[in-house]
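Report on one structure; see the data block that follows.
All values derive from a computational prediction rather than experimental measurement.
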Amino acid sequence: MTLQCAYQRSLSGSSELAIITGLSGTGKSTMANRLGNFVDANGGLFLSGKFDQMQQVKPFSAVASAFNHYCDVLASEEEPDRALLVASKLRTALGSDLYYLAQVIPNMSRLLKENVRPLSSSQDCVNAQHRLHYLFCQFVDVIASCFRGPVMLFMDDVQWADSSSISIIGQLLKMSRSFQNKKHFFFLGCCRDDQIGSKHPFWNMVESVKALGYKTTVVKLVGLDKNTVNQTVSMLLHLSPRLVRSLSDIVYQKTKGNPLFMSRLLLSLNREGLLRISLSSHRWEWDEEKIQSRKLPDDVAIFFVQNINSLPCDVKVALSFLSCFGASTDCAVIQGLETYLQMRLTEPLNVAINEGLVRKQGGIYYFCHDRLQEAAYSMIDERHRCQQHMNYGLALINLSLMDLSSSTENIFFTAVTQLNLGGPTAVQGNADQYYLISSYNLMAGKKAMQMSDFSSAFDFFDQGILFLRDKHWQVQYDLSLELFNLAAKCALSALGINIPDSPSRDDTLNLVTETQSMLSRIADETLLNYPVMTDFKKVMAMKFLAKLEFSLLQTNPDLQPFITIKMCGLSMEYGLSPMSAIGFAYFGGVVAELGDVRGGYRYTKLAKALIEKFQNNEFAGEVIWLSTEILHYIEPCQTANEYRIGGQRTAIAAGDVHWACMHKLLYSSALAHIGAALSVTKEAMANARSTIFNEFNEMKQSAEKFIELKLPSWFLLSNQTIHSFYIGLASFRIFRETFDPLWVERGRWHKEKITKWKEEGSLWNFESKSFLLHAEEYHSTGDFENAQVMYDKAILSARQHKFVHEEALASELAGNFYLNRGNTLAALKHFTLAHGKYLQWGAFAKVKILFAFIQEKFGNAFFAAHVGTETDDLQ
């Protein structure tokens with residue numbers, strides 16, 4: 001009566017929510033369906049669906065199935081008046097937006113007797129989800145207007161509910177107050193209370209609607225007591241309670257009053273002849289001693305396994321096969337696999353139907369209870385389960401690809417779900433097989449996005465990523481990039497964050513300017529004292545965004561600043577979190593890349609202060625790495641590089657191997673660029689930077705390849721100084737050989753970047769580089785007087801700032817300049833200086849090359865007179 005009262009209250013104009021909880025087999029579904037009969041009898045509409053643990057990745061599989069079945073029934077009615085009325089109202093209310101609803105509720109096309117087309121194909125995740133929520137509400141509003149009573153939606157096994165379906169149920173409850181004609185919505189959910197924790201999204205939804213004033217009724221079912229079991233057995237056997245007391249006591253003892261266990265036990269006793277009708281007395285009789293002595297398991301699932309094991313082998317195989325697809329399976333799937341795999345399935349399943357284990361209704365096979373499906377599935381050897389799922393998935397893929405019509409879409413989702421249940425360990429082919437399954441998940445995810453189910457889409461993309469192999473970025477770059485990008489898009493949409501597909505540079509610049517303007521009005525001390533972020537969803541969003549930053553920096557640099565700005569915005573609006581440091585550190589790099597190096601440095605210092613504030617080293621390695629990148633533009637790079645040692649130690653202490661390795665790698669590679677002795681670093685790194693200016697063809701090819709492959713970046717990295725310096729020098733050299741004006745313009749662009757860094761950042765780091773690029777430009781354009789001045793300045797500046805490698809390079813290039821001008825004495829002087837500096841640096845291979853070059857150009861005797869005997873041992 002409690003549930004009926006709740007429903008009747010909704011008749012008077014209040015939407016309600018009711019929940020039945022209890023252990024498996026306690027009669028939850030039976031109670032719900034009895035209420036459904038009451039609803040139908042009182043002019044309402046009863047819709048039902050069921051969540052399935054093995055099918056929850058199918059877009060809106062449970063909720064949509066309830067509405068899909070209703071559309072099918074409505075379209076098949078002998079009296080079509082109501083169908084025509086509903087179809088007309090849907091067209092009026094939703095227009096072309098019916099397309100998006102029909103993607104989730106396919107039978108709506110049968111009801112409308114037409115296929116509708118979309119006006120656009122936007123993948124705006126957040127808005128698409130809101131649109132689908134609105135369309136579901138409008139759909140329920142329309143069908144509710146055709147009935148006297150409320151629409152009741154019953155969903156079974158909500159412990160398996162997906163977040164998208166829960167969100168729609170919550171929206172239906174919230175929006176039902178605004179339905180036309182004051183028709184309201186009644187929701188009833190059933191769940192196993194031992195398998196749904198207090199933090200389950202379903203309970204979060206319940207609390208959110210209760211906070212809006214919706215009444216909630218909770219009914220908890222437990223096992224029947226001894227007297228109720230006695231009365232139940234009495235009614236079943238048509239005998240008085242006194243006569244069945246001995247049997248009912250045994251049944252209660254064996255089943256603990258679980259109704260499902262009771263019914264199956266009585267059926268089993270009847271099948272075995274222990275409970276039978278006496279032809280002589282015309283009443284039921286039983287063998288009390290044998291029933292009492294029969295050993296039964298405590299768990300009904302184990303009891304079901306024993307029952308199934310007593311069946312013929314082909315029936316057991318068919319039941320185990322069916323169990324791989326969940327509590328229900330389309331007959332088309334079973335029939336297709338029966339033919340494709342050449343297995344006997346239909347006839348054995350008919351036997352199972354006769355045994356009361358399975359029922360067939362509306363083109364779907366159903367296990368008569370979840371525990372039967374679980375029992376059949378448990379009979380499959382765990383060592384073989386994954387392989388079976390994989391085999392069934394591959395077979396269904398082949399079936400679905402043979403016919404690409406919309407009718408096979410459900411088979412395709414089932415196929416990909418089976419592949420994912422199998423997992424990567426079940427793949428028996430080569431690497432191509434893994435990537436093929438990843439591509440199937442990509443296809444399934446895109447289909448789910450078209451249905452506006454971005455939660456299921458994320459699951460498919462995530463599974464697709466799981467199947468990728470080592471070095472997938474090298475061999476399957478496009479597939480990898482699309483999977484990661486779409487997974488990020490869907491994950492963030494669940495947190496209410498929409499990511500643009502390809503933001504324009506102007507849009508990004510505007511966002512950076514707005515964010516910088518807001519932050520410029522807040523003192524660092526004020527910002528550091530902002531409250532701590534407490535909104536759970538926003539904290540989760542920050543965590544996910546923080547994980548995205550570095551990967552986007554490498555794979556999708558145009559999108560990276562959008563993520564950075566979103567993190568800064570969330571921090572300013574909802575408070576600070578440990579992840580805020582990541583957002584501000586990357587924002588510092590963006591600001592520095594746009595030309596404000598010292599402004600960017602402010603935000604990296606702020607990021608390090610946040611690490612100190614939260615005493616959380618989870619992101620410390622990355623933050624120190626980012627701040628050190630900008631520090632190279634502010635402080636002498638010899639000093640800045642030492643910060644990487646501290647960053648490595650911090651990362652190791654936090655267990656962050658990735659960033660510890662990054663600090664180690666960049667510390668070692670930077671040694672070659674700051675003039676450290678090559679006995680400390682690798683001589684090969686110096687060779688790559690110096691000999692390139694002697695081998696013209698190799699240098700030109702390298703420069704062209706670098707320019708072609710370099711991704712645009714919104715973050716200022718320390719290696720950009722090296723790239724700009726050497727590509728600038730190479731560009732001027734190429735211009736002198738080819739006279740292609742494009743190269744001199746490239747050289748000037750890099751020269752101006754270096755010069756700006758010198759003026760706004762560190763004079764120590766960039767002065768000698770700027771002078772040398774100016775000298776090479778003057779050399780290239782014929783301004784030889786200024787070229788000579790700049791070469792001298794470059795050599796002197798490099799010496800003053802302790803860049804022995806740059807002093808050597810500047811001297812070598814000055815030697816080439818004087819040699820081209822015919823001034824052999826000045827040329828030999830500078831080549832001699834370069835030779836000595838390369839030797840001081842420890843670039844012995846370069847010393848040998850330069851020694852041979854001077855020998856060729858100036859002769860042994862002349863060379864010996866100027867260089868002396870210091871290089872005799874290097875010949």
*Results of salt bridge (Lys or Arg N to Asp or Glu O under 4.0 Å) for Arg385 - residues two or more places apart only*: none
_By salt bridge (Lys or Arg N to Asp or Glu O under 4.0 Å) - contacts of Lys215 (at least two apart)_ = none
_Does the plane of the ring in Phe187 sit parallel, tilted or perpendicular to the ring in Phe202? Use 30° and 60° as the thresholds._
tilted
*Taking the side chain as every heavy atom from C-beta outward, state whether Leu172 and Ile168 have any atom pair closer than 4.5 Å.*
yes
_Partners meeting ring pair (Phe, Tyr, Trp, His ring centres under 6.0 Å) with His389 (sequence neighbours left out)_ = Tyr377
_With a 4.5 Å cut-off on side-chain heavy atoms, are Leu247 and Glu288 touching?_
no
*Any residue meeting salt bridge (Lys or Arg N to Asp or Glu O under 4.0 Å) with Glu355, in chain and number order, not counting sequence neighbours*: Arg271
*Verdict with supporting geometry, Asp162 and Ser165, side chain to side chain donor-acceptor pair (under 3.5 Å)*: CA-CA 6 Å; Asp162 59 281; Ser165 296; 2.8 Å; yes
*Is it true that Glu272 and Arg294 have a side-chain N and a carboxylate O under 4.0 angstrom from each other?*
yes
*Enumerate the residue pairs fulfilling side chain to side chain donor-acceptor pair (under 3.5 Å) with a member in residues 29-48, sequence neighbours excluded, ordered by first and then second residue.*
Ser29-Asp156
*Any side-chain heavy-atom pair from Leu357 and Cys368 closer than 4.5 angstrom?*
no
_I'd like to know whether NE2 of His200 has more than 12 heavy-atom contacts from other residues, nucleotides or ligands below 6.0 angstrom._
yes
_Determine whether the aromatic ring centres of residues Phe136 and Phe67 are separated by less than 6.0 angstrom._
yes
Donor-acceptor list for residues 233-241 side chains, cut-off 3.5 Å, not counting sequence neighbours:
unit_1 : atom_1 : unit_2 : atom_2 : d
Ser234 : OG     : Leu239 : O      : 2.3
Ser240 : OG     : Leu243 : N      : 3.3

*Gln418 versus Cys324: any side-chain heavy-atom pair under 4.5 Å?*
yes
*asked:* Any heavy-atom pair between the side chains of Trp203 and Ile166 that's under 4.5 Å?
replied: no
_Partner residues of Glu382 under the side-chain hydrogen bond (donor to acceptor under 3.5 Å, both in side chains) criterion, sequence neighbours left out_ = none
*With sequence neighbours excluded, give me every salt bridge (Lys or Arg N to Asp or Glu O under 4.0 Å) pair touching residues 240-249.*
none
*asked:* Quick test of your reading: applying side chain to side chain donor-acceptor pair (under 3.5 Å), list the pairs with at least one residue in residues 309-323, sequence neighbours left out, ordered by first then second residue.
replied: Asp314-Arg344
*Under 3.5 Å donor-acceptor, His133 side chain and Ser167 backbone*: no
*Check whether any side-chain heavy atom of Met390 lies under 4.5 Å from a side-chain heavy atom of Leu419, and answer yes or no.*
yes
*Only one of Tyr7, Tyr214, Phe154 forms a ring-ring contact (aromatic ring centres under 6.0 Å, His included) with Phe186, so which one is it?*
Tyr7
*All salt bridge (Lys or Arg N to Asp or Glu O under 4.0 Å) counterparts of Arg383, not counting sequence neighbours*: Asp381
*Trp286 versus Leu274: any side-chain heavy-atom pair under 4.5 Å?*
no
*Does any donor atom in the side chain of Ser456 or Asp459 lie under 3.5 Å from an acceptor atom in the other side chain?*
no
_Contacts of Lys220 that satisfy side-chain hydrogen bond (donor to acceptor under 3.5 Å, both in side chains) - sequence neighbours left out_ = Asp193
_Parallel, tilted or perpendicular: ring planes of Phe467 versus Tyr434, cut at 30 and 60 degrees_ = tilted
*Could you tell me whether the side chain of Val317 reaches within less than 4.5 Å of the side chain of Leu345, counting heavy atoms only?*
no
_For Phe303, give me all partners under ring pair (Phe, Tyr, Trp, His ring centres under 6.0 Å), at least two apart in sequence or on another chain._
Phe261
